[in-house]
Amino acid sequence: MAEKITPRAKNYPQWYLDIVKEAGLAQNAEGVKGCMVIKPTGYALWEKMQRGLDKLFKDTGHVNAYFPLFIPKSYFQKEEQMAEGFAKECAVVTHYRLRSVDGRIEVDPAARLEEELIVRPTSETIIWRTYKDWIQSYRDLPLLINQWANVVRWEMRTRLFLRTTEFLWQEGHTAHATQKEAEAETHTMVRVYQKFAEEFMAMPVLVGPKTDGQKFPGAVYTLCIEAMMQDGKALQAGTSHFLGQNFAKAFDVTFKNEKNQEEYAWATSWGVSTRLIGGLIMTHSDDNGLVIPPRLAPTHVVICPLGRNDAERGPSITAAEQLAAELRALPRDEFFGYEPIAVKIDTMFDKQPGFRYAEHELRGVPVRVEIGPKDIEKAACAVARRDVPGKEGKQFGVPLTGAAAHIEKLLRDIQKGLYDRALAFRQRQTVTANTLDEFKALFPARDEKDEAGAEPLKFVYAHWDGTRETEDMVQKEYKATIRCLPFVEGTPEPGTCIFTGKPSTQRVVFARAY
RNA sequence: CGGGCUGUAGCUCAGCUUGGUAGAGCGCUUGGUUCGGGACCAAGAGGUCGCAGGUUCAAAUCCUGUCAGCCCGACCA
């Protein structure tokens, strides 16, 4: 079974690629290095994510807009930290015309742009240049804008969804009259991301600031959500930046306050990307294929009518259509985004049932229903839950009367079960290190071959002296980074840095990362 | 920019050492039997062997050049 997919225990990175390919989510683009084609199945997942996130943004007072793909080089260099941070991964447009010479197409040297255009790696600069025109008075604030867009970052090494040259994302860019309000926005949005990750993706996350070394270029500080993948590595799943007045000063965005004084505006920006799809895969999926939490599943339920011939299939199909109609007619609520339950009827009668089951498991449909001649006799069906793969997750003899309600409840149970399972895994894989020796043992040196079938890594809570030097040393020596300084309830417990013995204000989380 | 590897059917690859009619599995098409956990049988379609040049009676195979892609390293909020 499932011979197309490399088992996780054998080679986790290969397993990931197999899932992306075999579940039909995406493929590498031909001829355009590092870019991906997001296939209809993968894009449907992204659309579900967009819908969930967009609602959360609107509910917190944001509106959508759209800004240009191209950024004049001069804008880009106005904020120094950002220019420096992104300089090495920018695509640049230098010409605007081709010409045909002897039947060959070439760039027309006469069509050189006077000023080069940067393909946006992120849009702070072009947006704050625009905000300059939009903001005059405190009455114009706050400005709470989000855009859904693509960006380009010319990375050396790419992996489908996790790091691609071009990717899809949303970026929020807000302007505020006060520092306090902007900081509150920064926190609000990281909590929105946490809510989305935990309640929609069923992916538990740690929340807290990044170190100064890891923050966004141009930010005063960066808050993030960090998730643990099944191999124990960390995935930065979303970031929310407090930008202070850096961009307002760079683009001269000022407003008159109530006292008729001129002030610079305060800024935030925040984003999540198609990388979330990678995180979703590496949080829940298994050796049989993709596992999608019901709240994000493009198809919630697939019904497989069974039968060896038309005489047997007819009643199965009728019963399947009946059940599908009942499922679609259930009252709508927030859990399903006020949309009907998405049901598909699988009529691949030319394939064997086992093939059909395996196919739906591969594609991660949360619930599969089987209705065959034996069920019709008993007015029943079989219901299989994707989070428990194979026959173990299948319940026979579920009465067709009341099946719709049963399935709806099952979908909610699966959503919760996936979250609980992921959280339990992270807790199991989280430890504290109080000495350097303990720490060393947790991050052994290993090369690519060791990596393939290795034991999952851990999140390690340890004291750190707060310096860049120590952080850089740890990254170099142990290939582990400080994922965040997690928010804790009450007062953080102080201690001494396990690397230098200097004082530490709180434990931070170390992990190897994607 | 360093180091390594690969280009043969839609996909994965064998064949190359030792030159002699282009191969397998998967996928696809058609027919039949199957079919409540990834079926089987039969028939069939499908390839300028990356490209160019050379050696030879004869080149996927040997030689030279060239192009493309992949992996590792440097890079990565």
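Chain letters run A, B, ... following the sequence lines, proteins first and then strands; every chain starts at 1.
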In whole angstrom, give the distance that lies between atom [atom1] of [X] and atom [atom2] of [N].
{"X": "A:Arg512", "N": "B:C76", "atom1": "CZ", "atom2": "P", "answer": "18 Å"}
{"X": "A:Gln14", "N": "B:C71", "atom1": "CD", "atom2": "P", "answer": "11 Å"}
{"X": "A:Trp154", "N": "B:A74", "atom1": "CH2", "atom2": "C1'", "answer": "19 Å"}
{"X": "A:Arg356", "N": "B:G38", "atom1": "CZ", "atom2": "C1'", "answer": "13 Å"}
{"X": "A:Arg385", "N": "B:G37", "atom1": "CZ", "atom2": "P", "answer": "20 Å"}
{"X": "A:Lys476", "N": "B:C75", "atom1": "NZ", "atom2": "P", "answer": "11 Å"}
{"X": "A:Glu84", "N": "B:C75", "atom1": "CD", "atom2": "P", "answer": "15 Å"}
{"X": "A:Gln475", "N": "B:A74", "atom1": "CD", "atom2": "C1'", "answer": "14 Å"}

Legend entry - Upstream residue (5' side of RNA chain B) when A:Lys479 and A:Lys21 are each assigned their closest nucleotide: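 The answer here is A:Lys21.
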
At 4.0 Å (heavy atoms only), tell me whether [X] reaches a base, stays on the sugar-phosphate, or touches nothing.
{"X": "A:Arg275", "result": "nothing"}
{"X": "A:Arg163", "result": "base"}
{"X": "A:Glu359", "result": "base"}

Inset, instruction - Would you please say whether a donor-acceptor pair under 3.5 Å links the side chains of A:Thr470 and A:Asp465? - result: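 Short answer, yes.
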
Legend entry - Test applied, side-chain hydrogen bond (donor to acceptor under 3.5 Å, both in side chains); reference residue, A:Gln236; option that passes from A:Lys210, A:Gln214, A:Arg275: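 For A:Gln236, the side-chain hydrogen bond (donor to acceptor under 3.5 Å, both in side chains) check succeeds only for A:Lys210.
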
Legend entry - Sequence neighbours excluded - ring-ring contact (aromatic ring centres under 6.0 Å, His included) pairs with any residue from residues 374-402 of chain A: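 The answer is none; no pair qualifies.
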
Legend entry - Ring centre gap for A:Phe487 and A:His187 strictly below 6.0 Å: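 Yes - the distance between ring centres of A:Phe487 and A:His187 falls below the 6.0 Å cut-off.
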
Inset, instruction - Taking the six-membered ring for Trp and the single ring otherwise, decide whether the centroids of A:Phe499 and A:Phe510 are under 6.0 Å apart. - result: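 Between A:Phe510 and A:Phe499, which both carry aromatic rings, the centre distance is below 6.0 Å.
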
Over 60° means perpendicular and under 30° means parallel, so tell me whether [X] and [Y] are parallel, tilted or perpendicular.
{"X": "A:Phe167", "Y": "A:Trp169", "answer": "perpendicular"}
{"X": "A:Trp270", "Y": "A:Tyr193", "answer": "perpendicular"}
{"X": "A:Phe242", "Y": "A:Trp266", "answer": "parallel"}

Inset, instruction - Evaluate the side-chain proximity of A:Cys484 to A:Val207: yes if any heavy-atom separation is below 4.5 Å, no if none is. - result: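 With C-beta onward as the side chain, the pair stays apart.
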
When rounded to the nearest Å, what value does the distance between [atom1] atoms of [N] and [M] take?
{"N": "B:G37", "M": "B:A24", "atom1": "C1'", "answer": "29 Å"}
{"N": "B:U56", "M": "B:C11", "atom1": "P", "answer": "36 Å"}
{"N": "B:G10", "M": "B:A45", "atom1": "P", "answer": "15 Å"}
{"N": "B:A68", "M": "B:C49", "atom1": "C1'", "answer": "16 Å"}
{"N": "B:G15", "M": "B:C62", "atom1": "C1'", "answer": "16 Å"}
{"N": "B:G69", "M": "B:G23", "atom1": "C1'", "answer": "24 Å"}
{"N": "B:U66", "M": "B:U6", "atom1": "C1'", "answer": "16 Å"}
{"N": "B:A14", "M": "B:G54", "atom1": "P", "answer": "30 Å"}

Legend entry - Salt-bridge present (A:Glu359, A:Lys351; N to O < 4.0 Å):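 Salt bridge between A:Glu359 and A:Lys351, a charged N being under 4.0 Å from a carboxylate O: no.
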
Legend entry - Runs of at least three consecutive pairs that involve RNA chain B, where pairs are Watson-Crick or G-U with distances under 3.5 Å: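 Ordered by first number, the stems with RNA chain B (at least 3 consecutive pairs each) read B:1-7 with B:67-73, B:10-13 with B:23-26, B:28-33 with B:39-44, B:50-54 with B:62-66.
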
Would you list the protein and nucleotides 33-36 of chain B atom pairs, both N or O, that sit under 3.5 Å from each other?
residue, atom, partner, partner atom, Å
B:C35, O4', A:Gln352, NE2, 3.1
B:C35, N4, A:Arg308, O, 2.3
B:G36, O6, A:Gly372, N, 3.4
B:G36, O6, A:Gly372, O, 3.1
B:G36, O6, A:Pro373, N, 3.1
B:G36, O6, A:Lys374, N, 2.7
B:G36, O6, A:Asp375, N, 3.2
B:G36, O6, A:Asp375, OD2, 3.3
B:G36, N1, A:Asp375, OD2, 2.3
B:G36, N2, A:Asp375, OD2, 3.1

